**Q** 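Just passing along the structure, written as structure tokens.
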There are 2 protein chains.
Amino acid sequence: MAIIRNTIAKKTVFEIIQLNKTAMSQTEIFAMVNNICDRVTVYRILERLVKEMKIHKIVNVNGVINYAPCNSCEHEQHLHHDHLHFSCTTCKKLTCIADNHIELNIPSNYQVAEVFLTVSGICPNCLIIP
Amino acid sequence: MAIIRNTIAKKTVFEIIQLNKTAMSQTEIFAMVNNICDRVTVYRILERLVKEMKIHKIVNVNGVINYAPCNSCEHEQHLHHDHLHFSCTTCKKLTCIADNHIELNIPSNYQVAEVFLTVSGICPNCLIIP
DNA sequence: TTATAAACGCAACAATGTTGCATAATTGTA
DNA sequence: TACAATTATGCAACATTGTTGCGTTTATAA
Ligand SMILES: [Zn+2]
Ligand SMILES: [Zn+2]
Ligand SMILES: [Zn+2]
Ligand SMILES: [Zn+2]
């Protein structure tokens, strides 16, 4: 039984993710922690926060892993964060959009675990200022 | 007007992708071309094949870009290869699954371009031999 | 056959993520 | 409060994936 510690670095990383309106990459997060810790530590903190289900991990369409807080999960049945993500092709930001329940049509010999639904396009911000 | 050339390397790469049952990463493809060309050339060929709409590009849940042939697009209206992809957590293979038409519920101030739907879980092969 | 632009090889670089190991820090308990 | 146990960190080194510049080669049209 691993004992979870709440270190300054971990608190800081979590706060940064929570306060940001869009999902963030490790690079963006590390740029905001002001050298309170090593970049490897950020990777390890993110790993732990995912395991603790405080944040979720989403891969952007370009292959970069992003992290976002697990706010929207008020209904506890949502173990998997299978809401929709919007990836802006202009500003590259990845935004969590409210749950979209979708009907899948997968052959029964596939065992489904998680659903990743990402839509690319142009976000409201980038549409206003082109 | 760019003239498209059909080189041996390009033909080989395309054949490899076509014959494989699952989507392939650049690393896997390069491992199969038997050093007939440089790895950079493989990247550039893949880029061209995507532009020529002969293959499509899908990012796996771990962030690795994969490529698969555009076979299923017999109905020409499918400009975007918005079918479902299955990502096996055991063998890491990414498989194209027949078109799944889904109803999106995105705020109207987002301009949608492409839809990426990837489901993770265990594929039939890995279920049989656990 | 020749000219031209496309394709290639090579080297170097960049971004992102991982691992091993010695050291530091947190937390429960005495 | 002091201590022990073990979690967390820093640092260096490495791995993987993808990109760029540039000089050379090659496919294709005329
Ligand atoms: Zn945007
Ligand atoms: Zn999300
Ligand atoms: Zn599998
Ligand atoms: Zn596909």
Side-chain angles (χ1 to χ4, degrees), chain A residues 1-17 22-68 87 89 91-94, chain B residues 1-17 22-68 87 89 91-94:
Chain A
M1 46 161 169
I3 291 151
I4 292 167
R5 290 188 187 173
N6 246 330
T7 61
I8 296 164
K10 191 180 168 191
K11 265 184 266 184
T12 308
V13 166
F14 187 47
E15 264 176 36
I16 288 169
I17 296 173
T22 56
M24 300 176 84
S25 65
Q26 182 274 347
T27 308
E28 291 174 297
I29 295 164
F30 179 62
M32 286 188 70
V33 297
N34 264 95
N35 285 311
I36 60 160
C37 70
D38 193 76
R39 63 184 203 95
V40 176
T41 304
V42 172
Y43 276 111
R44 299 203 255 232
I45 287 170
L46 291 170
E47 209 172 86
R48 274 180 277 150
L49 287 173
V50 167
K51 203 180 294 171
E52 293 167 24
M53 313 261 273
K54 289 190 177 171
I55 62 174
H56 62 286
K57 199 174 181 170
I58 335 112
V59 60
N60 207 337
V61 292
N62 56 10
V64 178
I65 307 290
N66 276 251
Y67 301 88
S87 173
T89 52
C91 65
K92 313 294 176 199
K93 286 193 192 303
L94 191 66
Chain B
M1 44 162 169
I3 292 150
I4 292 166
R5 290 189 188 173
N6 245 333
T7 61
I8 297 163
K10 192 181 170 190
K11 265 184 265 186
T12 309
V13 167
F14 187 47
E15 264 176 37
I16 290 168
I17 297 173
T22 56
M24 301 177 82
S25 65
Q26 182 274 346
T27 308
E28 291 173 297
I29 295 164
F30 180 62
M32 288 188 69
V33 297
N34 265 95
N35 285 313
I36 61 160
C37 69
D38 194 75
R39 63 183 203 95
V40 176
T41 303
V42 173
Y43 274 111
R44 299 203 253 229
I45 287 170
L46 291 169
E47 209 172 86
R48 273 180 280 151
L49 288 171
V50 167
K51 203 181 294 173
E52 293 167 23
M53 314 261 273
K54 290 189 175 170
I55 61 175
H56 62 285
K57 199 173 182 173
I58 334 110
V59 61
N60 207 337
V61 293
N62 57 11
V64 178
I65 307 291
N66 277 251
Y67 301 88
S87 173
T89 52
C91 66
K92 313 294 174 198
K93 285 193 194 303
L94 189 67

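Everything numeric here is computed off the predicted structure, so don't read it as measured data. Residue numbering restarts at 1 for every chain, and letters A, B, ... go by the order of the sequence lines.
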**Q** Among the nucleotides D:dA8, D:dA12, D:dT17, which one has an atom lying closest to any side-chain atom of A:V40?
**A**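 Comparing D:dA8, D:dA12, D:dT17 against the side chain of A:V40, the answer is D:dA12.
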**Q** State, yes or no, whether a side-chain contact exists between B:E15 and B:T12 at a heavy-atom distance under 4.5 Å.
**A**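 Counting from C-beta outward, B:E15 and B:T12 never come under 4.5 Å.
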**Q** Return the minimal non-hydrogen interatomic distance between B:L46 and B:I17, and the atom names on each side.
**A**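 B:L46 and B:I17 have their closest heavy atoms at CD2-CD1, 3.7 Å.
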**Q** Can you find a donor-acceptor N/O pair under 3.5 angstrom joining the side chain of A:R39 to the base of C:dG17?
**A**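 Such a pair exists between side chain and base.
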**Q** When all nucleic acid strands are considered with a 4.0 Å heavy-atom cut-off, which category describes B:T27: base, sugar-phosphate, or nothing?
**A**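 Sugar-phosphate: the residue B:T27, judged by heavy atoms under 4.0 Å, touches backbone atoms but no base.
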**Q** Which part of the nucleic acid, if any, lies within contact of B:I36, taking any heavy atom under 4.0 Å across all strands shown: a base, the sugar-phosphate backbone alone, or nothing?
**A**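 Contact class for B:I36: sugar-phosphate only.
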**Q** For B:T41 and C:dA7, is the shortest distance between a side-chain N/O and OP1 or OP2 below 4.0 Å?
**A**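 For B:T41, the contact criterion (side-chain N or O under 4.0 Å from OP1 or OP2 of C:dA7) is not met.
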**Q** Nearest to the side chain of A:D38, which nucleotide is it out of D:dT17, D:dA8, D:dC11?
**A**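 Between D:dT17, D:dA8, D:dC11, the one nearest the side chain of A:D38 would be D:dC11.
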**Q** For A:V64, is there any backbone N or O sitting under 3.5 Å from a side-chain donor or acceptor partner on A:N66?
**A**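 Yes: the side chain of A:N66 pairs with the backbone of A:V64.
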**Q** For the side chain of B:R44 and the base of C:dG9, is some donor closer than 3.5 Å to an acceptor across the two?
**A**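 Looking at the base of C:dG9, it does pair with a donor or acceptor on the side chain of B:R44 (distance under 3.5 Å).
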**Q** Of all of residues 4-11 of chain A, which get a heavy atom below 4.0 angstrom from DNA chain C, listed by number?
**A**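 Within residues 4-11 of chain A, the residues near DNA chain C are A:R5, A:N6.
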**Q** In the structure I gave you, are the side-chain heavy atoms of B:E47 and B:V50 within less than 4.5 Å of one another anywhere?
**A**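 No; the side chains remain at least 4.5 Å from each other.
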**Q** Kindly determine whether B:K92 and B:E28 satisfy salt bridge (charged side-chain N to carboxylate O under 4.0 Å, His left out), including the steps that lead there.
**A** CA-CA 12 Å; B:K92 313 294 174 198; B:E28 291 173 297; over 6 Å; no
